[in-house]
Structure formats: structure tokens, C-alpha cells
Amino acid sequence: MKFTKMHGLGNDYVYVNAFDESLPDDLPALATAISDRHRGVGSDGLILILPPDNPDDAHLKMRMFNADGSEAEMCGNGIRCLAKYAVDHKLTDQNPIRVETGAGTLSIQHESNGDGKLTLATVNMGAPILTPSEIPVDLGPDHADLTQIVNHPIDNLFSFPGDAAWFLHAGLDFNMTAVSMGNPHVIIYCQNVNEVPLEQVGPYLETHKVFPARINVHFVQIHSPDEVTMRTWERGSGITQACGTGACAVCVAGVITEK
């Protein structure tokens with residue numbers, strides 16, 4: 001099987017052109033094997049470039065599998081790289097490119113250089129989802145009337161693993177905001193993201209019972225009204241260097257919390 005490895009801001013994926021390549025039946029197993037950084041190619045996951053189910057509405061289809069084999073709805077950095085592959089390999093000459101994903105059909109505007117190689121891809125991510133049941137977030141019957149999870153207290157909700165001294169060192173804000181960009185995200189602010197033991201806290205939050213579909217976790221440090229640093233634990237992949245849908249969710253959180 002031929003593959004291509006690409007990254008967006010260090011968020012790296014293995015791509016397979018399913019127009020040309022035959023795929024095995026067990027795609028989760030393929031994703032797990034190929035993503036292994038010691039015994040496989042090594043990546044944050046596997047992305048398949050496929051013919052669309054509805055050619056009248058889309059030009060391509062994307063399926064994305066995390067490093068643990070679970071299938072995700074969407075990937076912001078992943079779909080930008082998919083657009084580059086599609087243009088550079090002449091899978092489509094359309095602009096914008098419409099791509100079917102698990103989060104719906106998304107539109108990608110792109111620019112190319114004189115050799116026809118894509119140099120810029122801009123994805124219309126669509127409107128964020130803030131309704132708890134649609135993210136999904138389940139805080140139980142006592143909070144069934146909530147229409148959004150914005151600056152919601154977490155001090156009585158989570159029992160973080162490890163030494164609690166990091167709360168002080170990180171300057172943790174004991175509130176969370178939840179956003180879906182077609183896939184679920186939780187944002188927690190702090191004063192120093194480097195002091196967050198993400199390798200412990202990330203998997204704890206990802207699999208917590210209040211997040212029925214698991215969740216992407218972002219700790220965010222604000223530098224100014226137009227600059228933040230985010231550290232990410234991606235659902236199914238662990239710590240990653242970037243997350244496109246996560247960056248969008250962090251921007252949404254910043255607006256609705258008036259940060």
C-alpha cells in the first residue's frame with residue numbers, strides 16, 4: 001500500500017489515496033498499526049481520501065482514525081493537508097473543494113503557486129455547537145436546564161489524579177467551557193500551561209463520565225486579547241503538537257467567555 005505522510009503545525013497523519021489503493025476490512029487495526037511511532041510509520045492517526053458518497057454535493061470524502069483506532073468526525077489540520085494532496089495529485093480541480101466528513105460537508109478555499117502546488121488552504125468550519133447534549137456533555141439531571149457549558153465550575157466535578165500542587169503552579173482557573181466543532185472539546189484556562197501534567201490530566205478528562213463520546217482537552221494560557229498558548233490532549237491520540245478544530249474551539253471559548 002502506498003501512503004503519504006503530512007503534517008499541519010506538527011499535527012501529523014498518514015494519508016492513503018483510496019482512489020488508487022485497496023483498503024483492508026479492519027481499518028481501526030490499520031490505523032493503530034501504522035500510527036505506532038516505534039513499530040509503524042508513526043503519526044497522530046490515519047486519514048483516508050475517498051470518492052464522495054454524493055458526487056452532486058462533494059468532490060471528496062475524508063475518513064479519519066485516531067492513533068488508537070477510533071474514528072473521529074473531523075480533523076482541522078488533517079483536512080487542510082487532504083486539500084493539498086488532492087490539488088497536488090490532481091484528484092480535483094475545484095475551488096472551493098467540498099469534502100464529506102463525519103461532521104458534514106465542509107468547503108475549502110485554496111491557493112496554488114505557478115507549478116499548481118497548493119500553498120494555502122482555508123476551511124469553513126461552520127458554526128460551533130454549544131448545546132450540551134449535542135457536544136455531548138452530561139452533567140446529570142441537576143444541570144439538565146443548561147443551554148451552554150460556559151465557565152462551568154469544575155472544583156466539585158473532577159478529582160484530578162496526582163499531586164494537587166500543580167493547581168497552584170499552573171494558576172488553574174477552576175471552570176470549563178465546552179464547544180463542538182463537529183467533534184467535542186473542553187477548554188480550561190490557566191496562567192502557565194507548561195505546569196499542567198497533561199500526560200495525567202489529559203486521559204482522565206478525555207474518558208470522564210461527563211463526556212459520553214470522550215473529549216479533546218485543551219489547557220489555555222492567555223497572553224493578550226489576540227494571542228494564547230494551548231496545550232492539547234487529543235481524544236484517541238494523546239498529546240499532540242497542534243489541533244485545528246481545537247484552535248477553533250479555543251477561539252470560540254475566548255469570545256463567549258469574554259477573555
Side-chain angles (χ1 to χ4, degrees), residues 1-8 10-92 94 97-108 121 123 134-136 180-185 202-203 206-207 211-216 232-246:
M1 177 184 289
K2 294 181 180 179
F3 68 88
T4 298
K5 185 173 176 180
M6 292 183 280
H7 78 90
N11 200 190
D12 60 338
Y13 294 95
V14 170
Y15 291 77
V16 174
N17 177 358
F19 284 81
D20 297 336
E21 301 294 324
S22 297
L23 298 171
D25 292 332
D26 193 345
L27 293 174
L30 173 64
T32 301
I34 206 166
S35 298
D36 191 300
R37 295 191 183 275
H38 300 286
R39 297 179 175 85
V41 176
S43 66
D44 291 330
L46 169 69
I47 292 180
L48 307 178
I49 308 170
L50 302 132
D53 293 335
N54 184 0
D56 293 332
D57 183 57
H59 309 112
L60 303 167
K61 178 179 178 178
M62 179 178 88
R63 290 185 69 186
M64 182 267 181
F65 294 84
N66 296 307
D68 69 353
S70 59
E71 187 167 3
E73 303 89 347
M74 231 294 283
C75 173
N77 285 315
I79 200 170
R80 293 194 301 121
C81 291
L82 179 146
K84 177 167 178 58
Y85 184 99
V87 171
D88 289 5
H89 290 80
K90 297 179 170 53
L91 296 184
T92 179
Q94 299 298 305
I97 303 171
R98 290 180 58 78
V99 180
E100 293 175 359
T101 75
T105 299
L106 302 182
S107 179
I108 309 168
V123 186
E134 296 178 18
I135 294 174
S180 172
M181 297 302 305
N183 57 349
H185 300 268
E206 176 196 351
T207 58
F211 306 120
R214 300 193 294 169
I215 203 155
N216 297 288
T232 293
W233 177 276
E234 282 202 53
R235 179 183 57 165
S237 293
I239 296 174
T240 57
Q241 293 188 17
C243 178
T245 54

Supply the atom-to-atom distance C75 SG to R80 CZ, rounded to the nearest 0.5 angstrom.
9.5 Å

Any donor-acceptor pair under 3.5 Å linking the side chain of T232 with the backbone of E234?
no

Minimum heavy-atom separation for A103 to M74, with atom names?
CB-CG, 3.8 Å

Enter the distance from T245:OG1 to N183:CG here, rounded to the nearest 0.5 Å.
4.0 Å

Taking only residues two or more places apart in sequence or in another chain, which ones pass side chain to side chain contact (heavy atoms under 4.5 Å, CB included) with A18?
L23, L50

Applying side chain to side chain donor-acceptor pair (under 3.5 Å) to D53 and not counting sequence neighbours gives K61

Taking only residues two or more places apart in sequence or in another chain, which ones pass salt bridge (Lys or Arg N to Asp or Glu O under 4.0 Å) with D57?
R98

Residue set satisfying side chain to side chain contact (heavy atoms under 4.5 Å, CB included) with A242, at least two apart, ordered chain then number -> L9, N11, N77

Residues that A83 engages under side chain to side chain contact (heavy atoms under 4.5 Å, CB included), provided they are two or more places apart:
I97, I108, L118, A121

Is a donor on one side and an acceptor on the other found under 3.5 Å between the side chain of N216 and the backbone of R235?
yes

Nearest 0.5 Å, what's the NZ-CG distance between K90 and D88?
8.0 Å

Inter- and intrachain pairs under salt bridge (Lys or Arg N to Asp or Glu O under 4.0 Å), touching residues 22-37, at least two apart:
D12-R37, R37-D44

Please find the pair of heavy atoms, one from A58 and one from E100, that lie closest to each other, and give the distance.
CB-CG, 3.5 Å

On a heavy-atom basis, which atom in P28 and which in G69 lie closest, and how many Å separate them?
CB-O, 3.3 Å

Filter on ring-ring contact (aromatic ring centres under 6.0 Å, His included), then keep only pairs touching residues 48-87, sequence neighbours left out; what's left?
Y85-H89

What distance do L60 atom CG and L48 atom CG have between them, rounded to the nearest 0.5 Å?
12.5 Å

Rounded to the nearest 0.5 Å, the CZ atom of R63 sits from the CD atom of E71 at a distance of 4.0 Å

Of all heavy-atom pairs linking C243 and H185, the shortest is SG-CE1, 4.1 Å

Listed by chain and number, what are the side chain to side chain donor-acceptor pair (under 3.5 Å) partners of D20, not counting sequence neighbours?
N17

Give, for atom OG of S237 and atom CD of E206, the distance between the pair rounded to the nearest 0.5 Å.
8.5 Å

Sequence neighbours left out, what passes side chain to side chain donor-acceptor pair (under 3.5 Å) with S35? Give chain and number order.
S43

Closest approach of I79 to V123 (non-hydrogen atoms, all atoms of both residues)
CG2-CG2, 3.6 Å

Selection residues 13-48 - residue pairs positive for ring-ring contact (aromatic ring centres under 6.0 Å, His included), sequence neighbours left out
none

Residue list, side chain to side chain donor-acceptor pair (under 3.5 Å) with D68, at least two apart or on another chain
S70, R214

Listed by chain and number, what are the salt bridge (Lys or Arg N to Asp or Glu O under 4.0 Å) partners of E21, not counting sequence neighbours?
none

